[in-house]
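A short write-up of the structure that comes next.
Remember, it's a predicted structure, so these values are computed and weren't measured experimentally.
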Amino acid sequence: MAVSVQQSIWDTVLETTKTAQDQNVDPLMWAIQLGSTLNSAGVSLPSTELAHLLVSHICWENNLPITWKFLDKALTVRIAPPILVLALLSTRQVIIDRMIGDTFGVVIKTYATFVKLFKVIPSRQLHPAAYRLYIELLKRHAFSFALLINGPNYEKIMKSIDGILHLSQTFGLKVCEPGVLLLEFVFSVVWQLLDASLDDEGLLEPAQENNFRWSTRPEDMEIDSLNSFNEKRTEHHEGLCKANTIMAIEIIGEFLRNKETSRILYLARKNMPLHWGAFIQRLRLLVVKSTALKNSKSITPEVLLQLTSDTRKLLNRKSKTVSQVEFHAVMASGSLLSSADQCNGTSQSALWLPIDLFLEDAMDGTQVRANSAVETLTGLVKALQAVNVTTWHDTFLGLWIAALRLVQRAKLHLGGPRLVKSSYKISFLLILGGIVLKERDPSEGPVPRLDTCMCMLLCISTLAIADIIEEDESELIDETESSSCNPRKEKQAPAPGNVRKGLITSLQLLGEYEGLLAAPLSVQSIANQAAAKAIMLVSTVGKGYYDCVSMNDLPMNCSGNMRHLIVEACIARNLLDTSAYLWPGYVNAHSNQVPHSVTSQMSCWSSLMKGSPLTPSLVNALVATPASSYTFLFPEASLAEIEKIYEITLNGSDDEKISAATILCGASLVRGWSIQENTLLFVIRLLSPSVPTDYSGSESHLIGYAPFLNVLLLGISSVDCVQILSLHGLVPLLAGALMLICEVFGSSIPNVSWALPTGEKFSCHSVFSNAFTLLLRLWRFDKPPLENATGDVMPVGSQQSPEYILLVRNCQLASFGKAPKDQMKTKRISKNLNISVDPIFMDSFPQLKRWYRQHQDCIVSTLCGLVQGTTVHQIVDALLNMMFRKINRSGTPLSPATSGSTNSSGSGLEDTSIRLKVPAWDILEATPFVLDAALTACAHGKLSPRELATGLKELADFLPASLATIVSYFAAEVTRGIWKVASMNGTDWPSPAANLSSVEQQVKKIIAATGVDVPSLVIGGNSPVTLPLPLAALVSLTITYKLDKASERFLTLVGPALSSLATSCPWPCMPIVASLWTQKVRRWSDFLVFQSSRTVFHHNSDAVVQLLKSCFTSTLGLSSSDIYSNGGVGALLGHGFGSHFSGGISPVAPGILYLRVHRSVRNVLFMTEEIVSLLMSSVKDIASSGLSTEKLEKLKKTKYGMRYGQVSLAAAMTRVKVAASLGASLVWISGGLNLVPTLMTETLPSWFISVHGSEQGGESGGMVSMLGGYALAYFAVFCGAFSWGVDTEPRASQRRRKVLGAHLEFLASALNGKISLGCDGATWRAYVSGFVSLLVACTPKWIMEIDVDVLKRMSKGLRQWNEEALAVALLGSGGVGTMGAAVELIVETRI
């Protein structure tokens, strides 16, 4: 019954329409009457059934002007849904007999008795008038959807449209929300018009014709049965078709121009990249080839192209508040020469302060990285480019300047107080801003030196830039391959090609910074060669000519600088070509200065490549000359040279192999910057030689390679080599090779010896010791157990186990090559390398595993378990006899009995020698018992301190690897506190009296100069100078060593451990150690004093806070000290350390001091809260120093807001941003992935919940609150960007999703009133709006990882603040899941 009633209603509607049509009734009156009828019948309006009925009535039996007017008025008075009608008219065919409404009012289509086709767009050539009317309907009804989404049948209408156009199927989106369907409808309409316009002009290629998403031609329909389609084409008819094409194109432009629809289409661009890419391809084809577009009077090809390239970002910069205007102005002002110029107390370079801090921290020789500095630097640079919103040329320029400053700090020191005037660009970048600078003594301590800094500049930085460029261009290639007709790339800023172009521009601008470009003396000759190469190529000099040029032949004015080296490094990485030599001012010599008489001597590498044998003289030359220096003209040849050496190590004679190994570990390793990673990989590969095919011995094949392996081990054992390996992230790979060498040679009996080239003999013990000490330097086991035994919190980054290193190695090798970035890196690696990717585990090294367990046992408990008569007991006796043979000759044998073990009779020296012919692992197992016996004997007076030191030295000389156990044992005994103290009086133990007072005074001077006041720091006094007995024994042992190259590799093992142990002990243990070492090595004085200053911060957390405060005040120019008053990077990092004024050590910049002490802080977790507190305090100081009371009053009174205070507030905002980046850098460097989650999930929420009574004050209180909120927003985003990156890298995004999701959950809950806040409301609002703005503008990929419900709640809270634009932008960045909500919000708010 209900069905028949519904049917009668629609029959009545149809009859009424036909009658009105026949009687030519006014369309508006018809529409009003029809609406009244439907309301009386209980039909919900607008009615989808009516839309179907009216369209089926018109197309095509009643294709008359009056019926189209009826349809228009039906849409105007809202009795039929406009977009449903538009959908019905567009492309779909509906088969209708009659429409029957069920009890729910849903249209059901029964079996057809005839076919009605109403496809206006495909029929546009046959029915041009209908197509014109369709376009008119689009103009009137397709640009506003507010009534639709607020209407009663919104969801029903959208589902009906989806059924008609099959939008979900066409676009492949799983989300079928009404808002998403609305976006798809708008996109489909524009696309249909585009395809129709292209088809009208015959511009579609065959491949595109076959790939239509919608039918655009009448051939697709069954038209033979419809007489109305057989109209005769007239001239008027064709003219109307052409006019329709122009109108359709103009409508496309209006969709892209209209505020509402353009933002809806922008959502499609962001979230449907493949579909948008295909659409843009066709649109650009239209722009290039369309005649109709060129004939249009309302839109031009250029305007249409601009509309497609205009991102129409959802976050409107024209915010409603003054604070938002300034916040976004600072966000957009990323140029080095823009907003930073306005900032008092900070320089242009302060934008890139995090890079300076990272580079300087990477130089800390006490820290060995498990991952590559290239990856970290790449992520850091990309993060800064995103958050600073800068161009790539500014970003790369900031990186080059930071790396050059690092080199300057490595090579320069103060030469006196005479001032130098220079240009602004140079002066603000000089390390101390106007002091005469001289090169420092390279031998200042066991720390990485100039070679490591040059590696960071010319290799690590260059590789980071290469990764960024290759990633950008690989995306371009991928999109080009997926494009059928357009090779151009559609991408948001930076534009296609801008990354590589940015590099070129940065290097061109770098020439203006002359104060940073002076090359260190040690690389000046290489820089001169680089300049000479440019001159010769510009002068068309050939390769053969260059090969024969000696340094004496170079032009007189051919002076190279650091820019020449940087450009060469980029050319070698294929980042530039030799057209760079034509840059204005790049070379300073003319073609007539090129030498015409050249020597006949070829370079050493040229001789090698031409087949010269490896004579001693040639080997020496190759060791001293990096491979890349010969091939400046043809950089690709440098890899061929090093491959040639590698080939000799594999196939040469034994002598040639050793010579080739020596060459590999020479200058090519430390200064072959264009091939450095390959050289390092070659060395690591050679440390694991393959088993010869004809090998049949019972022992490991590695024993036969002992001389060869020993050369490699010695060659990479320097401080700089280890640090360079660390920077390249090769420590895990190297550790795996070293473990096998240790296992094999440590298990061998030293019955065979080999001879070094010097004639000195060595055994398997020597090879083992060299490998073992190098392994432990990579492992950094020297962290004293005191760090784990005291304090409330385990230090972040606690000691790494060998299992951890192997785990990192296995993971790196297992995942390498799977990610696109790995595939790019593979191209740089030599094809001759074949490194095994098989995982290895500690179980493969049973001896090493047993030693490590004993090492751990020694730390946690006292020694026990030595049984008389065992092999270990016999070795203990033999070692004691060897160490203290003079005492044994006097008849007082020293044995383990002195430490409570069983008695043992002495043995003769000959017997001792025989008994010590045992594997090194056995000796290491016995060493703790030997040390226990010796230390006990000394404590009881049976052994003098001098005899103890001499005996320890004997043990270390016999097996240098025993130094590891010596350090481990003594450090553990110090923590136990059971030994008496040793009086360092010069009688029993060495006395530091000659230097102690001076060292203490200099330490106090360093600390005071950085603004740190430590009243408890006792200087001088009459109290006796003492050290814990184990520490006294260890330092006495170390000062017995001669400081030469042979002992350097062992001192670099013991030194950091000794320093860490002394730092952990009470004051003044470290100054005592420093004083004793200063007496021995005077040139290390500055280094040792600096190390001593770390003790204060290890024991006094208040001093750490003061140092952090000094970092903020010096960087921001808020310090009262003249030396820091200018602020910026120079004030924070200064000149390093170790420089002298006349009369004492110069002040150390606070940033340098912090970077060297933060690893000594026991509990770094507290520093996060302190940094937040200092950041807010700095904001208050910035506000008070940057805005006068008068300007603040004007700012409050004027209706124009920023007109009177704009410059000052912009400068203050920039300084706030610098302060935030400094704070984030300190958090990231101090704790990295461990501290940032705590910050986001605990520290910041707690801060907002807490009440801050002193937050406001004075006239600038409101400004302080606002700036404070923005400072925290930048701080939080910087912390996240540094730790997690701004990309979707899987390992980072997994943790980021969890932490960021928890933080946004807190923000959403607080916005929705579920959490009460204690902070100032202005601060909270500024933080939330600033944080969300930064997420949207700088890190949109983060938002896509957040739960959709959280984003919708955040959006709801923002709308309560009238931040509709920000709410839309947040939803628009949330991916497909929030796209529908974003569309609806755009429509509702008309943002």
Side-chain angles (χ1 to χ4, degrees), residues 2 5-59 62-90 92 94 96 98-109 116 118 120 130 133-134 136-161 163-164 178 181-182 185 189 1387:
V5 171
Q6 289 288 332
Q7 179 61 44
S8 65
I9 292 173
W10 299 117
D11 289 342
T12 301
V13 169
L14 187 59
E15 289 299 324
T16 302
T17 301
K18 288 180 179 179
T19 302
Q21 176 181 328
D22 295 337
Q23 298 177 358
N24 200 23
V25 173
D26 179 71
L28 180 60
M29 296 300 298
W30 168 84
I32 293 173
Q33 179 183 354
L34 187 59
S36 175
T37 301
L38 292 174
N39 270 326
S40 300
V43 177
S44 177
L45 300 179
S47 169
T48 58
E49 296 88 344
L50 179 62
H52 281 273
L53 186 145
L54 292 177
V55 172
S56 65
H57 176 68
I58 292 174
C59 302
N62 295 283
N63 182 19
L64 302 171
I66 187 65
T67 56
W68 282 95
K69 291 180 180 179
F70 286 166
L71 182 62
D72 178 47
K73 293 305 178 184
L75 302 184
T76 302
V77 300
R78 310 299 298 178
I79 59 176
I83 69 168
L84 177 58
V85 170
L86 294 173
L88 289 168
L89 289 172
S90 59
R92 288 299 162 198
V94 177
I96 297 177
R98 59 186 181 275
M99 289 186 294
I100 304 174
D102 61 13
T103 55
F104 299 101
V106 179
V107 175
I108 301 175
K109 292 175 275 296
K116 288 196 174 184
F118 41 97
V120 172
L133 293 172
Y134 168 74
E136 291 294 339
L137 290 177
L138 283 177
K139 283 185 179 181
R140 298 183 184 187
H141 302 290
F143 292 96
S144 179
F145 308 102
L147 294 176
L148 169 68
I149 66 172
N150 293 316
N153 298 325
Y154 170 45
E155 187 171 351
K156 175 184 176 182
I157 292 170
M158 296 316 303
K159 286 183 178 180
S160 180
I161 291 174
I164 294 169
L181 295 173
L182 178 57
F185 167 76
V189 168
V1387 173

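- To the nearest 0.5 Å, the span separating CD1 on Ile83 from CD1 on Ile161 amounts to 3.5 Å.
- Residue Phe70 comes nearest to Thr17 through the heavy atom pair CE1-O, 3.9 Å, listed as atom of the first residue, atom of the second, then distance.
- Nearest heavy-atom pair, Ile9 versus Ala41, reported as atom, atom and distance to 0.1 Å: CD1-CB, 3.4 Å.
- Residues satisfying the side chain to side chain contact (heavy atoms under 4.5 Å, CB included) test with Leu14, not counting sequence neighbours, are Lys18, Leu53, His57.
- Contact annotation: the side chain of Val85 never approaches that of Leu54 to less than 4.5 Å [non-hydrogen atoms, C-beta and beyond].
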Go through Lys156 and Leu84 one step at a time and tell me if the side chain to side chain contact (heavy atoms under 4.5 Å, CB included) criterion holds.
-> CA-CA 10 Å; Lys156 175 184 176 182; Leu84 177 58; over 6 Å; no
Hey, mind stepping through His52 and Leu88 against side chain to side chain contact (heavy atoms under 4.5 Å, CB included) and telling me if it holds?
-> CA-CA 7 Å; His52 281 273; Leu88 289 168; 3.6 Å; yes
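- Minimum interatomic distance between Ala142 and Leu86 (heavy atoms only, all atoms of both residues): CB-CD1, 4.0 Å.
- Counting heavy atoms from C-beta outward, Leu182 and Met158 have side chains that approach closer than 4.5 Å.
- Around atom CD of Gln33, no more than 12 heavy atoms belonging to other residues, nucleotides or ligands sit under 6.0 Å away.
- Counting heavy atoms from C-beta on, the side chains of Leu133 and Leu71 never come closer than 4.5 Å.
- No side-chain heavy atom of Phe185 sits under 4.5 Å from any side-chain heavy atom of Ser90.
- Partners of Trp68 by ring pair (Phe, Tyr, Trp, His ring centres under 6.0 Å), not counting sequence neighbours: none found.
- Leu89 places a side-chain heavy atom less than 4.5 Å from the side chain of Leu137.
- In this structure, the salt bridge (charged side-chain N to carboxylate O under 4.0 Å, His left out) partners of Arg140, at least two apart in sequence or on a different chain, are Asp72.
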If you look only at distance, which donor and acceptor atoms sit under 3.5 Å apart when one is on a side chain in residues 148-155 and the other is two or more places apart or in another chain?
{"residue": "Asn150", "atom": "ND2", "partner": "Ala146", "partner atom": "O", "Å": "3.0"}
{"residue": "Asn153", "atom": "OD1", "partner": "Ser44", "partner atom": "OG", "Å": "3.3"}
{"residue": "Asn153", "atom": "ND2", "partner": "Ser44", "partner atom": "OG", "Å": "3.0"}
{"residue": "Asn153", "atom": "ND2", "partner": "Pro46", "partner atom": "O", "Å": "3.0"}
{"residue": "Tyr154", "atom": "OH", "partner": "Gly179", "partner atom": "N", "Å": "3.2"}
{"residue": "Tyr154", "atom": "OH", "partner": "Glu1384", "partner atom": "OE2", "Å": "3.0"}

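- Partners of Phe145 by ring pair (Phe, Tyr, Trp, His ring centres under 6.0 Å), not counting sequence neighbours: none found.
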Walk me through it: do Val13 and Leu50 pass the test side chain to side chain contact (heavy atoms under 4.5 Å, CB included)?
-> CA-CA 8 Å; Val13 169; Leu50 179 62; 3.8 Å; yes
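- Considering CD1 of Ile79 and CG of Leu34, their distance stands at 4.5 Å, rounded to 0.5 Å.
- Counting all heavy atoms, side chain and backbone alike, Leu181 lies closest to Lys159 at CD1-N, 4.3 Å.
- Within the 3.5 Å criterion, the main-chain N or O of Ser36 finds a donor-acceptor partner in the side chain of Ser40.
- Between His141 and Thr76 the shortest side-chain heavy-atom distance falls below 4.5 Å.
- For Leu64, the side chain to side chain contact (heavy atoms under 4.5 Å, CB included) test picks out Gln21, Ile66, Thr67, with sequence neighbours left out.
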